[in-house]
Amino acid sequence: MKRDIFFQGVTAPLRLDGAGAILPIVAEIAAAWPYRLVDADLLADPFFTIRGDLGQGKLLCESHVEDRPAQLWDPVNAVCDAMASLAVALPLSDPHLICLHAAGVEMAGQLVVFPNLRRAGKSTLSVALARAGHPIFSDDVVPLSFPSGGVAVGHAMGIAPRLRLPLPDTLPADFRSWAEAMPGPRNRQYHYLPLPGQPAHGTRLPVGAFVLLDRRDAPTAARLTAVPPDVAMDALLHQNFTRDRHSGAVLEVVAATLAAAPVWQLTYTDLDEAVKCLEAGFAGQAAAMLPGGQEWRFGPAVMEYRPGPVGTMLSQREGCVERWIGDVLYLADPEGRAIQRMDPLAAAIWGMLEEPVPPEELEEALVEAFPDTPRVQISADIFALLAGLVEAGLLG
């Protein structure tokens with residue numbers, strides 16, 4: 001029997017083909033994300049399909065919004081895989097959103113966002129913060145919208161957080177005992193914790209800060225330190241997985257967000273110390289009002305651009321988006337395909353290309369600026385840089 005699950009705000013369904021046995025797991029993991037279960041409409045294209053029991057408790061799982069092969073999973077991992085594709089399907093249904101691989105926790109009435117850095121402990125830390133009384137919006141994916149005014153707004157996912165198993169012995173003993181005793185779907189790899197009283201899907205809060213996690217193995221006192229803006233920009237752009245958005249728009253809203261919200265690095269070893277450090281760091285912040293104004297609606301990238309050869313006269317293409325983040329220049333091409341980070345030399349040359357310039361004139365300027373560098377090397381470097389900018393769609 002085929003059944004479809006339609007999650008609130010997502011136009012495509014999760015399709016179950018003889019896999020109704022996972023429904024109790026979905027009900028626990030997505031308890032705070034409203035959905036409806038209906039007989040499958042074969043005219044509706046699903047975002048994910050889970051097919052029947054194939055023996056030994058395995059289910060065939062196929063994502064239709066991500067380019068990856070189908071997998072055989074046990075029931076818990078099948079739902080886990082479906083939730084990952086659900087996070088991709090969400091912004092496909094709502095052009096106002098981009099989604100970050102990140103955790104988000106409410107502190108002092110604002111959302112503190114922890115961009116994903118591999119094995120940095122964001123899920124464990126967010127669960128520890130929830131245990132300490134700070135509502136968790138997500139431990140893995142944070143959808144953001146961007147009302148006018150530059151303050152990003154985070155949206156709760158409504159999906160239970162998960163911990164990777166086995167829990168490390170380095171975690172505080174009382175946290176391990178509490179987590180292990182918590183009911184919730186689990187297998188050898190993951191344990192989902194359907195914590196009571198957490199925000200429902202779509203609950204909104206202004207983003208008060210971003211915190212990059214630096215978890216150390218060697219004993220290190222927990223501390224918050226300011227992060228250079230370009231480091232934060234690189235982290236946020238890398239963790240944005242909503243790839244169909246026009247990169248110029250993404251660059252504009254992320255730059256405005258970084259101008260409005262501070263970015264910190266949390267260095268820590270001990271989980272309890274990390275929680276106390278964050279509580280102390282954000283205790284003095286006043287709750288922020290949700291920003292008003294029309295939300296940014298993202299347009300799609302235009303993919304048919306065809307770069308030409310490096311010409312005799314080059315200049316910046318009309319429609320490029322440029323933003324300085326601290327001392328670093330970021331550029332997006334008019335088609336919105338990608339965002340480029342310019343090093344200081346590339347930024348200087350970009351500035352010289354406001355009007356059409358022959359490559360030879362750029363070469364002469366650099367020969368004069370770097371008299372100890374052989375001209376042949378400067379010439380080769382200039383050609384490589386210009387060719388790269390043309391290929392990126394920034395020069396014409």
Side-chain angles (χ1 to χ4, degrees), residues 5 7 14 21-35 73-87 90 100-107 111-143 154-203 205 211 213 215 266 268 270-276 278-279:
I5 300 176
F7 290 89
L14 165 61
I22 70 156
L23 286 173
I25 301 175
V26 173
E28 285 194 84
I29 289 177
W33 192 327
Y35 62 84
W73 293 123
D74 66 26
V76 170
N77 273 356
V79 178
C80 175
D81 201 6
M83 294 300 102
S85 285
L86 177 58
L90 176 62
L100 300 180
H101 277 302
V105 176
E106 179 181 351
M107 302 190 77
L111 194 67
V112 178
V113 177
F114 304 93
N116 179 52
L117 301 175
R118 182 169 174 79
R119 301 301 174 91
K122 67 177 175 58
S123 290
T124 304
L125 179 59
S126 59
V127 168
L129 286 166
R131 184 187 178 214
H134 305 284
I136 179 172
F137 272 45
S138 175
D139 75 317
D140 190 49
V141 172
V142 176
H155 300 238
M157 285 291 283
I159 296 175
R162 68 179 185 182
L163 296 177
R164 188 179 295 273
L165 299 178
L167 297 178
D169 293 337
T170 53
L171 292 176
D174 64 329
F175 178 85
R176 292 202 317 273
S177 298
W178 170 82
E180 288 166 355
M182 181 70 63
R186 72 181 80 193
N187 58 11
R188 291 184 177 182
Q189 189 175 8
Y190 296 115
H191 177 193
Y192 279 90
L193 283 70
L195 303 173
Q198 299 306 303
H201 173 76
T203 302
L205 270 181
V211 177
L213 299 181
R215 182 167 59 89
L266 173 65
Y268 73 104
D270 182 80
L271 184 63
D272 287 340
E273 284 190 13
V275 170
K276 292 175 183 176
L278 288 168
E279 289 179 328

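Just so we're clear, the structure is a prediction, and the values are computed from it rather than from any experiment.
Every residue two or more places apart in sequence or in another chain was checked for a side chain to side chain contact (heavy atoms under 4.5 Å, CB included) with Asp169, and none qualifies. Asp140 pairs by the salt bridge (Lys or Arg N to Asp or Glu O under 4.0 Å) definition with Lys122, not counting sequence neighbours. By the side chain to side chain contact (heavy atoms under 4.5 Å, CB included) test, Pro135 is found to be paired with Glu106, Gln198, Pro199, residues two or more places apart in sequence or in another chain being considered. Taking Pro24 as the reference, nothing meets the side chain to side chain contact (heavy atoms under 4.5 Å, CB included) condition, with sequence neighbours excluded. Not a single side-chain hydrogen bond (donor to acceptor under 3.5 Å, both in side chains) links Trp33 to another residue, sequence neighbours left out. By the side chain to side chain contact (heavy atoms under 4.5 Å, CB included) test, Ser123 is found to be paired with Asp139, residues two or more places apart in sequence or in another chain being considered. Considering only residues two or more places apart in sequence or on other chains, Glu279 meets the side-chain hydrogen bond (donor to acceptor under 3.5 Å, both in side chains) condition with His134.
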Run the numbers on Leu278 and Phe114 for side-chain contact (heavy atoms from CB on, under 4.5 Å), then give the verdict. CA-CA 12 Å; Leu278 288 168; Phe114 304 93; 3.9 Å; yes
Can you check side-chain contact (heavy atoms from CB on, under 4.5 Å) on Leu23 and Ile5, steps first, answer last? CA-CA 10 Å; Leu23 286 173; Ile5 300 176; 3.8 Å; yes
Could you walk me through whether Leu266 and Leu125 pass the side-chain contact (heavy atoms from CB on, under 4.5 Å) test, one step at a time? CA-CA 11 Å; Leu266 173 65; Leu125 179 59; 3.9 Å; yes
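When every heavy atom of Leu100 is checked against every heavy atom of Val113, the shortest pair comes out as CD1-CG1, 4.5 Å. Contact record, Leu165 with Asn187: CD1-O, 3.3 Å, taken as the closest heavy-atom pair. Leu171 and Leu167 make their closest contact through CD1-CB, 4.2 Å (heavy atoms, listed as atom of the first residue, atom of the second, distance). Residues Gly184 and Glu28 approach most closely at CA-OE1, 3.9 Å, considering heavy atoms.
Counting only residues at least two apart or on different chains, the salt bridge (charged side-chain N to carboxylate O under 4.0 Å, His left out) pairs with a member in residues 123-137 are Arg131-Asp174. Residues in residues 75-87 take part in these salt bridge (charged side-chain N to carboxylate O under 4.0 Å, His left out) pairs, two or more places apart or across chains: Arg68-Asp81.
Contact annotation: the side chain of Phe137 never approaches that of Val142 to less than 4.5 Å [non-hydrogen atoms, C-beta and beyond]. Proximity of Leu90 to Pro143: side-chain heavy atoms (C-beta onward) are separated by under 4.5 Å at one or more points. A 4.5 Å side-chain heavy-atom check between Phe175 and Thr124 finds at least one atom pair inside the cut-off. A heavy-atom distance below 4.5 Å is not found between the side chains of Tyr35 and His201.
Between the CG atom in Asp74 and the CD1 atom in Ile22 there is a gap of 11.5 Å [rounded to 0.5 Å]. In this structure, OH in Tyr268 is found 15.5 Å from NZ in Lys276, a value given to the nearest 0.5 Å. Separating the CG atom in Leu111 from the OG1 atom in Thr203 is a distance of 11.0 Å, to the nearest 0.5 Å.
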Check: residues 189-197 side-chain donor-acceptor pairs under 3.5 Å, at least two apart:
residue : atom : partner : partner atom : Å
Gln189  : OE1  : Asn77   : ND2          : 3.1
His191  : NE2  : Met182  : O            : 2.9
His191  : NE2  : Arg186  : NH2          : 3.1

